[in-house]
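This report refers to the structure that appears directly beneath it.
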Amino acid sequence: MQLFYSLASPYARFVRTVIHVLGIENIVPVPVNPFDNSPALLAANPLAQIPCLLLDDGTSLFDSEVIARYLDAEYGQQRLFGPATGDWAQQCQFSLIKGILDSAVGLRQEQMREEEGVRSPFWTGRYEQAIMRGVMQLELLGIEAETRLSARQLLLVCLLEYLDFRHPQLPWRTQAPSLAAWLARVQTQAMFTQTRPDVS
């Protein structure tokens, strides 16, 4: 199998942490720039989006959650996500984290548009407010206090470190001190240090 990814993508990073946790060794990482529209990536995913997992039979999976759920089902006995018909509250929590990450990526895209003179103050503010409201809600949920490692916790680290990476101006730690303390404890683990983008 091959995983098309980029180091800066938090979605691809989430999949890479899942691969690390599950100890999957038969996936070849293929770094790509999705904006280059490489023929190999386009053949696997016509949307030219990453991550994209090319299976051994020539078919492909895309969307980070789809890929992660597939890997968890095939290699992890569903220990990261739980059964497909499991706790719906936890399913919703995962969607909340992913939605905050979507807002963070949208905010990054608005920042990049500033060079073109088309940055939208409306969407910038909307994304920032959604991120801060979402993080405040995560602080109340206590996902970080759970003893069993879950997909929600993996994605949560990817989200919080992406905020530090791309949006250091957002004071999320003041709204979520428990999450901040938890992140400081877990972010040195190999699954995170070995998938972290190079910020140098």
Count I, L, V, M, F, W, Y as connected when their side-chain heavy atoms are under 4.5 Å apart, and connections chain through other members. Are M132 and L96 then in the same cluster?
yes

What's the shortest heavy-atom distance between T17 and C158, and which atoms?
CG2-SG, 4.2 Å

Closest approach of V15 to P51 (non-hydrogen atoms, all atoms of both residues):
CG2-CG, 3.8 Å

For the student: nearest non-hydrogen atoms of N37 and L42, plus distance:
O-CD1, 3.4 Å

Any idea which heavy atoms bring I131 and A104 closest together, and the distance?
CD1-CA, 3.6 Å

Does the side chain of E146 pick up a donor-acceptor pair with the side chain of Q153 at under 3.5 Å?
no

To the nearest 0.5 Å, tell me how far N33 CG sits from S9 OG.
11.5 Å

Checking salt bridge (charged side-chain N to carboxylate O under 4.0 Å, His left out) for the pair D63/R69: CA distance, chi angles, key distance, verdict?
CA-CA 10 Å; D63 184 88; R69 286 183 180 276; over 6 Å; no

In terms of ring plane angle, is the pair W123 and Y127 parallel, tilted or perpendicular, where the classes change at 30° and 60°?
tilted

Which label fits F14 and F94: parallel for a plane angle under 30°, tilted from 30 to 60°, or perpendicular past 60°?
tilted

Under 4.0 Å between a side-chain nitrogen and a carboxylate oxygen: does that hold for R185 and E144?
no

Checking one residue: L47. Which other hydrophobic residues are in its cluster under the side-chain 4.5 Å linking rule?
F62

Please check if the number of heavy atoms outside F35 that lie under 6.0 Å from its CZ is greater than 12.
no

Indicate yes or no: at least one non-hydrogen side-chain atom of N26 is less than 4.5 angstrom from one of Y75.
yes

In Å and rounded to the nearest 0.5 Å, what is the OG to CZ distance from S150 to F81?
9.0 Å

Listed partners of Q169 passing side-chain contact (heavy atoms from CB on, under 4.5 Å), at least two apart:
L107, Q111, E128, H167

Does one hydrophobic cluster hold both L55 and V18, with members joined at side-chain heavy-atom distances below 4.5 Å?
yes

Spatial distance of atom CZ (R196) from atom CG (L7) [nearest 0.5 Å]
12.5 Å

Sort out for me which residue in I97, L179, L101, L155 forms a side chain to side chain contact (heavy atoms under 4.5 Å, CB included) with L160.
L179

Using a 6.0 Å cut-off, check whether atom CZ of R126 has over 12 heavy atoms from anything other than its own residue.
no

Please check this pair: side chain of R16 against backbone of T195, looking for a donor-acceptor N/O pair closer than 3.5 Å.
yes

E110/R113 ion pair, N-O < 4.0 Å
yes

Can you tell if the side chain of E139 reaches within under 4.5 Å of the side chain of P177, non-hydrogen atoms only?
yes

Hydrophobic clustering (ILVMFWY, side-chain heavy atoms < 4.5 Å, transitive) - are L61 and L41 grouped together?
no

For Q91 and P83, the nearest pair of non-hydrogen atoms, with its separation, is NE2-O, 3.8 Å

Given the rule that I, L, V, M, F, W and Y join up when any side-chain heavy atoms are under 4.5 Å apart, are V30 and Y11 in one cluster?
no

Interatomic distance, Q194 atom CD to I19 atom CD1 [nearest 0.5 angstrom]
12.5 Å

Measure the spacing between CD1 of I100 and CG of L138 and express it to the nearest 0.5 Å.
4.0 Å

Would R173 and D164 count as a salt bridge (charged side-chain N to carboxylate O under 4.0 Å, His left out) here? Give the steps.
CA-CA 10 Å; R173 283 178 170 80; D164 288 342; 2.8 Å; yes

Spatial distance of atom CD (E114) from atom OG1 (T124) [nearest 0.5 Å]:
8.0 Å

V105 side chain near R166 side chain, heavy-atom distance below 4.5 Å:
no

Are H20 and F192 close enough that some pair of their side-chain heavy atoms sits under 4.5 Å apart?
no

Using every non-hydrogen atom in the two residues, find where A184 and Q187 come nearest and quote the distance to one decimal.
CA-OE1, 3.8 Å

Are side-chain N/O atoms of S38 and D36 paired as donor and acceptor at under 3.5 Å?
no

So if you build clusters from Ile, Leu, Val, Met, Phe, Trp, Tyr with side-chain heavy-atom gaps below 4.5 Å, do L71 and L54 land together?
no

